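Take a look at the structure below.
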There are 2 protein chains.
Amino acid sequence: MSATKIRTTEKPAPASAVNTDPLQALDRIDRAILRQLQTDASISNVALAAKVKLSAPACLRRVERLKESGLIRGVVALIDPKAAGAGMLVIIGVVLDRSTPESFAEFEKAAQKVPGCMECHVVTGEFDYFMTVRTRDSDSFNRLHAEQLLYLPGVRQIRSFMVLKEILSTTRFPL
Amino acid sequence: MSATKIRTTEKPAPASAVNTDPLQALDRIDRAILRQLQTDASISNVALAAKVKLSAPACLRRVERLKESGLIRGVVALIDPKAAGAGMLVIIGVVLDRSTPESFAEFEKAAQKVPGCMECHVVTGEFDYFMTVRTRDSDSFNRLHAEQLLYLPGVRQIRSFMVLKEILSTTRFPL
DNA sequence: CTTGAAATACTACTACG
DNA sequence: CGTAGTAGTATTTCAAG
């Protein structure tokens, strides 16, 4: 009996590849699984198994491992913004009055409550924050601007960039 | 027998509510379904049915209707950026040299091919485009910046805003 | 450590009231 | 919409690579 066991099948996802690209460290099958699930996760496990040429139980185990490892953060339904009556997207750059921890904390707490706010990030450069907000149309954005954004705590300036055309908007990671 | 059939149970999602907020036009059950599926769509239909207090077939019919109506654009697995080795997010403002249709088209075609590019939008204001790009770290972003972004066609100026902290990043619509 | 085959439990789905 | 029945799937067990 040999001291080191040689794996005859394809090695499935090294558990701890910390210093290299985790996605490229996955084997071909795991990448195929992720590619599919990022595109359409409503597929049944047997159909997925057939696509990646694996038995259903083996496929299911891989999917569960990808979830437990945290690589798959979740499986969610995406709502079409236009169909939801929020076809307008605005990117908003925010500059705060003062750069104190309290000022930042207060703003962040309030910003998350802005209806339609999808993203809010602290950034380097000429702005303190970038937010993205979805609204119905320019009228409703004007209302949001006048009634909410201008009243966010500690704001010195906000600059709005209306999105005229969404070229690309994806949650998918290339594999 | 009466000529018009009166629905004794809650009315399920008016098919054509064009002039009002489509999300608010949904009944309580459809909203509960969407709330759940936006959070976790890996739930089984029977479990979902129990949550919204409906029989399984009725629940399934509603979910299918929400998909066919286009309100649910798809069901996808979300990959955790940090776990995928792309923990760094950069927002990039782009100004083009010339504002011609060819210039825009050429840029858009190239921008979508930038590895890690998650979003790309035409905007009003001092920039022509905003892009968001995910990379591993500042080193890999520097490489991307020097080797790809600076060579995007027709670019006069690009300004990068490094994201220091992601306060909010959601795909969820409030219901 | 993995895989796949078989058996069971559960679920999706259909027909109908 | 709900109940009941059927078809198909998820999930466990287990033997084997």
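All values derive from a computational prediction rather than experimental measurement. Just so it is clear: chains get the letters A, B, ... in the order the sequence lines come, proteins before strands, and each one is counted from 1.
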* To do: Rounded to the nearest 0.5 Å, what's the gap from CD1 on B/Ile158 to NE2 on B/His145? Could you check?
  => 3.5 Å
* **Euclidean distance, A/Leu175 CG relative to A/Leu34 CG, rounded to 0.5 Å** =>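 If we round to the nearest 0.5 Å, A/Leu34:CG and A/Leu175:CG are 5.5 Å apart.
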Can you tell me the distance, in whole Å, between the [atom1] atom of [X] and the [atom2] atom of [N]?
{"X": "A/Arg62", "N": "C/dT2", "atom1": "CZ", "atom2": "C1'", "answer": "9 Å"}
{"X": "A/Ile33", "N": "C/dT2", "atom1": "CD1", "atom2": "P", "answer": "12 Å"}
{"X": "B/Leu60", "N": "D/dT3", "atom1": "CG", "atom2": "P", "answer": "16 Å"}
{"X": "A/Lys67", "N": "D/dT11", "atom1": "NZ", "atom2": "P", "answer": "8 Å"}
{"X": "A/Asp30", "N": "C/dT2", "atom1": "CG", "atom2": "P", "answer": "10 Å"}

* Under a 4.0 Å heavy-atom cut-off, which of residues 36-50 of chain B touch DNA chain D? ->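 Nucleic-acid contacts, sorted: none.
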* Asked: Taking only N and O in the side chain of A/Arg61, is any of them less than 4.0 Å away from OP1 or OP2 of D/dT12?
  -> no
* Output the single nucleotide from D/dT12, C/dT3, C/dC13 whose closest atom is nearest the side chain of B/Glu64. =>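 My answer, after comparing the listed nucleotides, is C/dC13.
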* Given D/dC1, C/dT3, D/dT3, the nucleotide with the shortest approach to the side chain of B/Pro57 ->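 Comparing D/dC1, C/dT3, D/dT3 against the side chain of B/Pro57, the answer is D/dT3.
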* Is there a chain of hydrophobic side chains (I, L, V, M, F, W, Y, each step under 4.5 Å between heavy atoms) that links B/Ile79 to A/Ile43? -> yes
* Using the six-membered ring wherever Trp is involved, compare the ring planes of A/Phe104 and A/Tyr129 and label them parallel, tilted or perpendicular (cut-offs 30° and 60°). => tilted
* To do: Could you tell me whether a side-chain N or O of A/Asp80 sits under 3.5 Å from a main-chain N or O of B/Arg73, the two making a donor and an acceptor?
  =>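 No, A/Asp80 side chain to B/Arg73 backbone: no donor-acceptor pair under 3.5 Å.
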Would you call [X] and [Y] a side-chain contact if the rule is heavy atoms closer than 4.5 Å?
{"X": "B/Ile92", "Y": "B/Phe161", "answer": "no"}
{"X": "B/Asp97", "Y": "B/Arg156", "answer": "yes"}
{"X": "B/Ile91", "Y": "B/Val163", "answer": "yes"}
{"X": "A/Lys113", "Y": "B/Pro174", "answer": "no"}

* To do: Could you tell me, to 10°, how much the axis swings from one end of the helix from C/dC1-D/dG17 to C/dG17-D/dC1 to the other, five pairs per end?
  =>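 About 30° separates the two local helix axes.
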